[in-house]
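One structure is given below, encoded as structure tokens.
Just so it is clear, the structure is predicted and the values come from calculations on it, not from any experiment. Order of the sequence lines fixes the chain letters, A, B, ..., with proteins taken first and strands second; residue numbering starts at 1 for each chain.
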Protein chains: 2
Amino acid sequence: MESVFERVEPGARRAHKRHIMSCALACFDEQGLEATTIDTIRQRADSSIGSIYHHFRNKEGLVAALYFAALDDQQACMAPAMEGAATPREAVVALIHAYLKWVTEQALLARFMFRARAAVAGGPFNEGLKARNKARYGALLEWLEKGVKAGEIRALPRETYASLLIGQAENYCRAWLSGRVKGDPTSHIDVFAEAAWRSVAVTP
Amino acid sequence: MESVFERVEPGARRAHKRHIMSCALACFDEQGLEATTIDTIRQRADSSIGSIYHHFRNKEGLVAALYFAALDDQQACMAPAMEGAATPREAVVALIHAYLKWVTEQALLARFMFRARAAVAGGPFNEGLKARNKARYGALLEWLEKGVKAGEIRALPRETYASLLIGQAENYCRAWLSGRVKGDPTSHIDVFAEAAWRSVAVTP
DNA sequence: GAAGTTCTAGAATATTGTTCTAGAAAAGTA
DNA sequence: TACTTTTCTAGAACAATATTCTAGAACTTC
């Protein structure tokens with residue numbers, strides 16, 4: 001967990017900032033976003049109000065900092081997975097595998113992301129969010145273009161591909177993170193990879 | 001919209017309660033859950049603090065009331081759609097069609113549901129939520145059972161079916177409701193119905 | 001029409017996010 | 001090192017907002 005924050009806030013100097021993020025994440029996970037107060041975080045981190053506000057500006061900023069740290073880590077884990085693919089099918093399978101593995105390994109961060117997304121998207125950090133989302137599906141759309149030309153992938157409305165590929169896996173991850181299903185995402189990894197491929201392939 | 005609340009809170013007696021719900025929904029949609037204050041709702045509904053707290057106990061209760069009203073309406077619109085199906089394929093297609101139509105027609109309620117879900121699931125109304133979710137997929141799972149026995153639907157882990165069927169459509173609806181894609185859900189209705197069927201069918 | 005219940009109203013209170021000022025620690029500079 | 005500047009910590013003071021409480025109006029019931 002610390003390692004995730006060290007990517008975004010490196011150096012011994014920022015150890016305390018990372019510590020606050022760590023404690024805040026734990027509080028948010030245990031009590032929910034609204035229910036955790038700044039003072040709860042202050043106590044847990046053995047810090048001070050001034051320190052928290054200095055580093056994060058306000059509660060929303062703290063949530064956003066955690067959200068973007070999680071998003072960046074997810075991105076960093078998923079991007080390389082797809083680069084090794086030789087065919088469109090391999091790219092799709094690699095995408096789903098990487099996603100399900102990340103959620104399973106970083107359950108705390110993943111749960112936080114789902115909970116905090118609305119808050120971040122609604123606030124003043126919306127722009128940063130949009131920018132990263134564009135970059136996110138760039139590589140994938142290239143693979144799809146190739147696949148369509150090669151006759152391996154169906155030509156569908158552009159704006160539906162992302163949902164068709166990741167929607168099922170994401171839905172299951174939400175269910176798992178909130179305790180509605182038991183098996184962790186990786187335990188059905190082939191089911192979801194196969195379903196994603198069937199959804200877009202010409203001949204599944 | 002009023003008609004939706006009349007199902008849950010019927011009668012002329014409760015007109016004011018419904019009016020508060022209506023105004024609260026509009027406030028939540030325009031400013032987000034956290035940003036709208038009780039006083040904002042009071043002003044918009046031309047009501048009083050006491051009245052709001054009398055009807056809904058607290059802010060969380062108001063959110064939950066809206067959430068369950070939306071959930072019930074969605075349920076009421078989707079349940080009959082599947083009953084007319086003659087084959088597993090028809091059942092799956094009917095499910096997706098009904099879902100996408102409801103979200104498109106009740107965009108305000110649908111957006112609210114996605115935003116409020118975490119808050120409702122985290123709070124003391126969690127039990128009511130679980131109960132309704134069980135009822136929700138009951139009819140569907142029956143169809144799947146039949147389909148599996150008839151050799152038309154693949155035998156997959158039980159807990160993955162719901163995600164496989166609805167995940168893609170839901171993901172697209174989220175994207176549409178938050179402005180990330182342009183085409184409304186019904187404009188891709190066949191794409192998502194077909195993808196859902198391919199995901200679970202033996203021979204798509 | 002009287003008793004009981006539900007509903008409206010808003011002032012008072014409590015909780016909690018945020019600002020502000022002062023000083024400590026660290027980094028830069030000569 | 002000694003001085004300056006910047007960054008960070010600390011918590012009291014403040015402001016915004018959810019919630020409680022009491023009183024009375026409106027409606028139901030018998």
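- Side-chain atoms of A:Thr37 and A:Asp39 form no donor-acceptor pair, as typed in the model, at a separation below 3.5 Å.
- B:Thr40 comes within contact range of no nucleotide atom at all, as no heavy-atom separation falls under 4.0 Å.
- Relative to the ring axis of A:Phe56, A:Lys17 places its NZ or CZ within 45° and under 6.0 Å from the centre.
- To the nearest 0.5 Å, atom OH of residue A:Tyr67 and atom CG of residue A:Leu109 are 11.5 Å apart.
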Quiz item: Going through the distances and angles, do A:Arg89 and A:Thr87 end up as a side-chain hydrogen bond (donor to acceptor under 3.5 Å, both in side chains)?
Solution: CA-CA 5 Å; A:Arg89 183 177 217 277; A:Thr87 65; over 6 Å; no
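- Across residues 56-63 of chain A, A:Asn58, A:Lys59 each have a non-hydrogen atom less than 4.0 Å from an atom of DNA chain C (numbered order).
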Using atom names, set out every protein N or O paired with an N or O of nucleotides 7-15 of chain D below 3.5 Å, distance rounded to 0.1 Å.
{"residue": "D:dC8", "atom": "OP2", "partner": "A:His54", "partner atom": "NE2", "Å": "3.0"}
{"residue": "D:dT9", "atom": "OP1", "partner": "A:His16", "partner atom": "ND1", "Å": "2.8"}
{"residue": "D:dT9", "atom": "OP2", "partner": "A:Ser51", "partner atom": "OG", "Å": "2.7"}
{"residue": "D:dT9", "atom": "OP2", "partner": "A:His55", "partner atom": "NE2", "Å": "2.7"}
{"residue": "D:dT9", "atom": "O5'", "partner": "A:Ser51", "partner atom": "OG", "Å": "3.4"}
{"residue": "D:dG11", "atom": "N7", "partner": "A:Gly50", "partner atom": "N", "Å": "3.4"}

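- Between B:Leu165 and B:Trp197 there is no side-chain heavy-atom pair separated by less than 4.5 Å.
- Here the closest heavy-atom approach between residue A:Ala64 and residue A:Val120 is recorded as CA-CG2, 4.2 Å.
- The nearest whole Å value for the distance from the CD atom in B:Glu34 to the P atom in C:dT15 is 19 Å.
- The aromatic rings of B:Phe192 and B:Tyr172 lie tilted to each other, with the angle between the two planes from 30° to 60°.
- Look at B:Glu34 and B:Arg115 and you find no salt bridge, because none of the NZ, NE, NH1 or NH2 atoms lies under 4.0 Å from a carboxylate O.
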